[in-house]
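Some notes on the structure that comes next.
All chains are named by letter (A, B, ...) in the order of the sequence lines, taking the proteins before the strands, and each is independently numbered beginning at 1.
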Amino acid sequence: MAQKPSIPKGTRDFSPAEVAKRNYIIQTIKKHFETFGFMPIETPSFENSETLMGKYGDEGDRLIFKILNSGDFISKVDDVTYSSKNSASLTPKISEKALRYDLTVPFARYVVMHQNEIDFPFKRYQIQPVWRADRPQKGRFREFYQCDADVVGANSLLQEVEFVQLYDAVFTDLGLIGTTIKINNRKVLSGIAEVIGAKHLLVDFTVALDKLDKIGEEKVKAEMLEKGISEAAITKAQPLFEMTGTASEQLEKLKSILADSEVGMLGVSELEEIILTVDALGLQSAKLQLDVTLARGLNYYTGAIFEVAAPEGVQMGSIGGGGRYDDLTGIFGLKEVSGVGISFGLDRIYLVLEELNLFPDSLDTSLDVLCLNFGKQEGLASLKLVSSLRKAGLRADLYPTDAKMQKQFKYADKRGVPYTILLGEQELLKGNFVVKNMKTGNQQAYALDDAASFAESIISAF
RNA sequence: GUGGUUGUAGCUCAGCUGGUUAGAGCGCUGGAUUGUGGUUCCAGAGGUCGCCGGUUCGAACCCGGUCUUCCACCCCA
């Protein structure tokens, strides 16, 4: 019995129209990566497990897709481990490879392995799929693309500024006006935790704070209490719940809160420099917003933290994120290489552009000219014409059989072909061909030996 | 990982308190129209009701399991 085919949950097929739209986004991002001086690399879909495990926290480890060993792997497991039924101890014995979970850790591995061939500072970009064994929901898949740009081997804050400009350039080019680039600094968060006396609870504190705009002040405080942060500490942190006003006003507030924290003050001055510089250079369509509650990616960020929110009114998780990590390559043994990078979430950007109807209409066109087929003899002349149009750079095709004209026209209509060519008996006798504009219905004849001028007239119309 | 939700024709969905042969719109195929598509008219094809099991004289409908969809939490792009 034939089985009904299906694909694993959280994965998708892409139709020609969808691929065209995805390519449009990828091309736009790639173009700006390259104009900013980034170079492409690619890494394998799967890595050795030890490269990935432990880099994303316990939560991350759970979401990594593990690949079973080849061969009779189960017979090689010792009886104690096997009968323990403990996934944590059994997994490493039967799985030594895992699908890549993001592009940043593989990049760090790449830098360490190729450190002697790389000229630092090294600016690389990478656009490849990643996999997470997550539960799918809106804008969340188990296979999705990340588009990363990172620079390692230099710690100038100008790089943070450039990444803000890069975000702005890409989203402006995509017509996505009104994105908000949120910025924060890990050092500021550390400073706050230090000042309120909750240094050891930094992660719990920031994770709770991160939810402020979502669940509100009361619930955030309740969560902090529950995680063991004292009432006194929360009271000390009160100004954080009232961070309104312009960026410079917020920076002033932070300075007074963090006056006693060296690391906190360093974070504030970094933020200030980045914000002031971006301000001086100006942005095309994005807004840069200081957000002290932003606390993503704490596992390896050490300085600036970025996150991009879609324009107001669009319900979507962040469409980009990034930050500075001073010691990412340290876990692979290469010390003191500072890195900073950002990521674009292709699949989410797609959903946002779709929702706001921002894809250009031209993407729907997959063929410029369809030549109708009138039979064997006419077909030969048509093929000649089609190949000369192709040489002229047009996407041209000949309908493969001499089906009824009605059917051929219907096909052209459905493919959204803007022009059709009629080259039948009549035209053959006259030595010309008739071009029909499918939108207006107008028809115009061209001499058979003058295909070039027709091709030119179309190309110039683009 | 936790909680909820969904599944009927290619697509979007009806289908009453369980009752004969499961419907509609769109799409598809053919014709009206042997050199003109998008409009109209006519005809036709297409369904193991997600899957497995149970209750019942009888299940698309009730029950259990499983897979899937979507949503929220956790976390994240």
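- Annotation for Glu42(A): atom CD does not count as buried by contact number, only 12 or fewer foreign heavy atoms lying within 6.0 Å.
- Only one option out of Leu423(A), Ile421(A), Asn373(A), Leu372(A) pairs with Ser382(A) in a side-chain contact (heavy atoms from CB on, under 4.5 Å); it is Leu423(A).
- Toward the 5′ end of RNA chain B lies the nearest nucleotide of Lys407(A), the other residue of the pair Pro8(A) and Lys407(A) mapping further downstream.
- Across every strand in view, G27(B) sits unpaired, with no contact that passes the Watson-Crick or G-U test at under 3.5 angstrom.
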Candidate pair Phe65(A) and Tyr101(A), rule ring pair (Phe, Tyr, Trp, His ring centres under 6.0 Å), full reasoning: CA-CA 8 Å; Phe65(A) 274 109; Tyr101(A) 176 88; 9.8 Å; no

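- Across all strands, Ile349(A) comes closer than 4.0 Å to no nucleic acid atom at all (heavy-atom distances).
- Residue contacts for Gln426(A): at a heavy-atom cut-off of 4.0 Å it reaches a base atom on one of the strands shown.
- Checked against a 6.0 Å centroid threshold, the rings of Phe141(A) and Phe14(A) do not count as neighbours.
- Among the atoms of the strands shown, only primed sugar atoms or phosphate atoms (P, OP1, OP2) are found under 4.0 Å from some heavy atom of Ser318(A).
- A distance of about 15 Å separates the P atoms of A9(B) and G15(B), rounded to the whole Å.
- Residue Lys138(A) places no side-chain N or O under 4.0 Å from the OP1 or OP2 atom of A72(B).
- Nucleotides C67(B) and C26(B), compared at atom C1', are 29 Å apart to the nearest Å.
- Looking at heavy-atom distances under 4.0 Å, Glu427(A) makes contact with a base.
- Heavy-atom minimum distance, Lys187(A) versus Thr302(A): CG-O, 3.5 Å.
- Phe141(A) comes within 4.0 angstrom of a base, heavy atoms only.
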Step by step, would you call Tyr301(A) with Asn185(A) a side chain to side chain donor-acceptor pair (under 3.5 Å)? CA-CA 9 Å; Tyr301(A) 292 138; Asn185(A) 194 298; over 6 Å; no

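- Listed nucleotides: U33(B), A77(B), C28(B). Nearest to the side chain of Gln406(A): U33(B).
- Relative to the side chain of Lys436(A), the nucleotides C28(B), G37(B), G31(B) differ in distance, and G37(B) lies closest.
- The Lys211(A) side chain lies nearest to C74(B) when the options are C74(B), A77(B), A32(B).
- In this structure, C62(B) and G54(B) make a Watson-Crick or G-U wobble pair, each of the two defining distances being under 3.5 angstrom.
- Contact annotation for Gly10(A): backbone-only contact, meaning every heavy-atom pair under 4.0 Å involves sugar-phosphate atoms and none involves a base.
- Heavy atoms of other residues, nucleotides or ligands lying less than 6.0 angstrom from CD of Glu50(A) number more than 12.
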Tell me, for nucleotides 39-44 of chain B in 5' to 3' order, what letter each nucleotide earns: B for a base near a protein heavy atom under 4.0 Å, S for only sugar-phosphate near one, - for neither? ------

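- Closest approach to the Val207(A) side chain among C75(B), U36(B), A77(B) is made by C75(B) (side chain taken as heavy atoms from C-beta onward).
- Contact annotation for Gly60(A): no contact, since no heavy-atom pair falls under 4.0 Å across all strands.
- The nearest whole Å value for the distance from the CG atom in Leu428(A) to the C1' atom in G35(B) is 14 Å.
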Verdict with supporting geometry, Phe344(A) and Tyr350(A), ring pair (Phe, Tyr, Trp, His ring centres under 6.0 Å): CA-CA 11 Å; Phe344(A) 289 82; Tyr350(A) 182 102; over 10 Å; no

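- Across the protein-nucleic acid pair, Asn437(A) atom CG and G38(B) atom C1' stand 13 Å apart, rounded to whole Å.
- Taking atom C1' in both G10(B) and U66(B), one finds a spacing of 26 Å when rounded to whole Å.
- Atom CG in Leu103(A) sits roughly 16 Å away from atom P in C76(B) (whole-Å rounding).
- With G35(B), G30(B), C75(B) as the candidates, the nucleotide lying closest to the side chain of Glu425(A) is G35(B).
- Rounded to whole Å, the P atom of U33(B) lies 48 Å from the corresponding atom of C70(B).
- Partner assigned to U39(B) is none, using Watson-Crick or G-U wobble distances below 3.5 angstrom.
- Comparing G31(B), A77(B), C75(B) by their nearest atom to the side chain of Lys404(A) picks out G31(B).
- Here Tyr411(A) does not pack flat against the base of G37(B), since the 5.5 angstrom centre distance and 30 degree tilt limits are not both met.
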Treat primed atoms plus P, OP1 and OP2 as sugar-phosphate and everything else as base, then score nucleotides 1-11 of chain B 5' to 3': B for base contact with protein heavy atoms under 4.0 Å, S for sugar-phosphate contact only, - for none. BBB--------

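- When the P atom of U34(B) is taken as reference, atom CZ of Phe374(A) falls 14 Å away, rounded to whole Å.
- Between the P atoms of C11(B) and C73(B), the separation comes to 30 Å (whole Å).
- Taking atom P in both G53(B) and C13(B), the straight-line distance is 29 Å, to the nearest Å.
- Using a 4.0 Å heavy-atom criterion, one finds that Lys439(A) contacts the bases of the nucleic acid, with or without backbone contacts as well.
- Straight-line distance between the C1' atoms of G38(B) and C76(B): roughly 45 Å, to the nearest whole Å.
- Within 6.0 Å of atom CG in Leu380(A), 12 or fewer heavy atoms from other residues, nucleotides or ligands are found, so the atom counts as exposed in its surroundings.
- Between the side chain of Arg348(A) and the backbone N or O of Ser318(A) there is at least one donor-acceptor pair closer than 3.5 Å.
- Per the geometry, CG belonging to Leu351(A) stands 11 Å off P belonging to C70(B), to the nearest Å.
- Side-chain polar atoms of Asp326(A) and Ser338(A) form a donor-acceptor pair below 3.5 angstrom.
- Put simply, CD1 on Ile127(A) is 17 Å from P on A77(B), counting in whole angstrom units.
- The side chain of Lys214(A) sits closest to C73(B) out of C73(B), U69(B), G35(B).
- Across all strands shown, G46(B) forms no Watson-Crick or G-U wobble pair with both distances under 3.5 Å.
- Here G37(B) is the nucleotide among A77(B), G37(B), G35(B) with the atom lying nearest to any side-chain atom of Asp413(A).
- Between Phe33(A) and Tyr125(A), the distance from one ring center to the other falls under 6.0 angstrom.
- Across all strands shown, Gly317(A) has no heavy atoms under 4.0 Å from either base or sugar-phosphate atoms.
- If Asp210(A) and Gln443(A) are placed on RNA chain B by their nearest nucleotide, the residue sitting closer to the 5' end is Gln443(A).
- If you take CG of Leu422(A) and P of U36(B), they are 10 Å apart, rounded to a whole angstrom.
- Using a 4.0 Å cut-off, some side-chain N or O of Lys414(A) falls inside it from OP1 or OP2 of C28(B).
- Around the CD atom of Gln443(A), the shell of radius 6.0 Å holds more than 12 heavy atoms that belong to other residues, nucleotides or ligands.
- Between Arg135(A) and Gln137(A), the side chains place no donor N or O within less than 3.5 Å of an acceptor N or O (distance only, hydrogens not considered).
- Look at CZ on Arg12(A): it is 16 Å from C1' on U68(B), rounded to the nearest Å.
- Comparing C61(B) with G23(B), their C1' atoms sit 16 Å apart, to the nearest whole Å.
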